[in-house]
Amino acid sequence: MSFQGKIELPEMVPTRFTGGICEGANLRTPCGMRRIEIVRPGDLIVTRSGLQPVQMVWKRRVTREQMRLCPDLAPIRLKPRAVGPMMPQRDLLVAPDHRLLIPGFRLAGMPDTTCVLTEARKIAGSSDAIYADSAMESVTFYQLVFDRHQVLAANGLPVESFLPDAAAIAALGGEMRDALEERYPELREAPDAYPAAEFPIAAEVEYLPFYA
């Protein structure tokens with residue numbers, strides 16, 4: 001499948017979207033590390049499938065008051081080496097429903113050579129190194145859209161890009177959904193037209209935080 005269209009330069013600011021990587025996270029680019037908040041459409045990012053240009057950049061801000069009223073909005077903090085060696089290299093915060101690529105050796109009943117995508121909240125609380133953090137005054141989430149679902153490293157931890165499946169599209173605000181469908185017109189007729197995730201997605205996992 002080939003999606004055609006000009007990369008839009010204005011920053012997209014939706015009212016809501018699924019997932020998100022918090023401000024301050026470093027992403028790998030051909031020119032070295034770059035903080036996610038200065039990534040723009042057209043920038044090349046190092047992903048598991050090679051260098052990929054960012055098509056859209058979205059952001060949203062959540063305040064402490066919003067987190068107090070709705071604790072599920074609080075980001076998940078992953079401390080250094082919470083998942084594995086250098087994963088992440090330093091503290092990483094992501095939205096609770098942002099999916100991480102977890103190696104099989106961290107999952108009960110999973111072969112060591114297998115990796116699955118699962119939401120950060122599914123492993124939060126499994127150890128002191130992974131937990132919901134509502135102590136900040138505010139947090140800004142960024143979401144990147146590529147022409148295909150990608151796995152990229154944020155502070156060294158493999159995480160996903162936006163996957164516009166039917167549920168994720170339904171969760172978007174109207175203006176943002178219109179912008180996405182303008183960029184990818186196939187989605188108007190078939191919400192499943194966007195290429196599927198490269199790795200399996202696990203709704204539930206049994207995380208093994210102390211397995212070496």
Side-chain angles (χ1 to χ4, degrees), residues 3 5-63 73-103 115 117-120 129-130 133 136-164 168 172 176 179-180 183-184 194-195 197-199:
F3 293 113
K6 180 182 177 182
I7 294 178
E8 296 296 331
L9 294 180
E11 185 177 55
M12 307 301 292
V13 187
T15 56
R16 62 184 184 274
F17 52 80
T18 59
I21 303 167
C22 291
E23 183 176 12
N26 280 321
L27 310 182
R28 290 181 61 201
T29 78
C31 300
M33 305 303 289
R34 180 171 297 178
R35 290 168 67 102
I36 193 167
E37 60 266 30
I38 62 173
V39 170
R40 296 292 182 266
D43 288 350
L44 291 174
I45 301 295
V46 178
T47 76
R48 288 269 177 130
S49 57
L51 294 178
Q52 298 294 329
V54 175
Q55 302 298 319
M56 306 173 82
V57 179
W58 301 342
K59 74 174 182 179
R60 61 186 167 94
R61 180 173 173 266
V62 176
T63 66
L73 292 175
I76 304 302
R77 181 180 292 273
L78 296 104
K79 303 295 289 184
R81 301 176 297 282
V83 175
M86 305 296 283
M87 294 192 300
Q89 298 163 342
R90 60 185 182 87
D91 281 25
L92 175 68
L93 290 100
V94 297
D97 57 347
H98 199 90
R99 286 186 286 253
L100 318 173
L101 187 66
I102 305 296
C115 295
L117 289 161
T118 194
E119 293 178 352
I130 310 172
D133 187 349
M136 295 169 291
E137 287 299 322
S138 68
V139 61
T140 301
F141 295 108
Y142 289 82
Q143 185 62 284
L144 305 182
V145 182
F146 295 87
D147 275 345
R148 295 183 63 91
H149 182 251
Q150 300 292 338
V151 171
L152 57 149
N155 289 357
L157 180 67
V159 303
E160 69 168 354
S161 65
F162 182 68
L163 177 60
L172 292 173
M176 192 83 296
L180 183 71
R183 175 68 190 164
Y184 305 118
Y194 191 86
E198 180 180 356
F199 294 90

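Between P75 and P96 the shortest heavy-atom distance is CA-CD, 4.4 Å. When all heavy atoms of C115 and P103 are compared, the pair lying nearest together is SG-CA, 3.9 Å.
Here the CD1 atom belonging to I36 is positioned 11.0 Å from the OG1 atom belonging to T140, to the nearest 0.5 angstrom. Rounding to the nearest 0.5 angstrom, the gap separating the CG atom in D97 from the CZ atom in F141 is 8.5 Å. We find the CE-CG distance between M56 and D147 to be 11.0 Å, quoted to the nearest 0.5 Å. Rounding to the nearest 0.5 angstrom, the gap separating the CZ atom in R99 from the CZ atom in F162 is 9.5 Å. To the nearest 0.5 angstrom, K59 atom NZ is 13.0 Å from L144 atom CG.
Aromatic ring pairs are classed by plane angle as parallel below 30°, tilted from 30° to 60° and perpendicular above 60°; the pair Y194 and Y184 is perpendicular.
Residues Q143 and H98 meet the side-chain proximity criterion, which asks for heavy atoms closer than 4.5 Å. Contact of the V145 side chain with the R183 side chain is not registered, since no non-hydrogen atoms from C-beta on lie closer than 4.5 Å. Side chains of W58 and L172 form a contact here, defined as non-hydrogen atoms less than 4.5 Å apart. L152 is not listed as a side-chain neighbour of Q52, based on a closest heavy-atom distance of 4.5 Å or more. At least one side-chain heavy atom of L101 sits under 4.5 Å from a side-chain heavy atom of F199.
Residue pairs meeting the side-chain hydrogen bond (donor to acceptor under 3.5 Å, both in side chains) criterion with at least one partner in residues 82-92, sequence neighbours excluded, are R77-D91, K79-D91. Applying the salt bridge (charged side-chain N to carboxylate O under 4.0 Å, His left out) definition to pairs two or more places apart or across chains, those involving residues 43-53 are R34-D43.
Residues passing the side chain to side chain donor-acceptor pair (under 3.5 Å) test with H149, sequence neighbours excluded: E160. A120 is linked by a side-chain contact (heavy atoms from CB on, under 4.5 Å) to I76, V94, L100, counting only residues two or more places apart in sequence or in another chain. Residues forming a salt bridge (Lys or Arg N to Asp or Glu O under 4.0 Å) with R35 (at least two apart in sequence, or on another chain): E37.
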Please list every donor-acceptor pair under 3.5 Å in which a side-chain atom of residues 18-33 meets a protein atom from a residue at least two apart or in another chain.
unit_1 : atom_1 : unit_2 : atom_2 : d
T29    : OG1    : C31    : N      : 3.1
T29    : OG1    : G32    : N      : 3.3
T29    : OG1    : G32    : O      : 2.6

Evaluate the side-chain contact (heavy atoms from CB on, under 4.5 Å) criterion for residues V54 and F146: first the C-alpha distance (whole Å), next the side-chain angles of each, then the deciding distance (0.1 Å), finally the verdict.
-> CA-CA 5 Å; V54 175; F146 295 87; 3.8 Å; yes
Kindly determine whether V159 and V151 satisfy side-chain contact (heavy atoms from CB on, under 4.5 Å), including the steps that lead there.
-> CA-CA 5 Å; V159 303; V151 171; over 6 Å; no
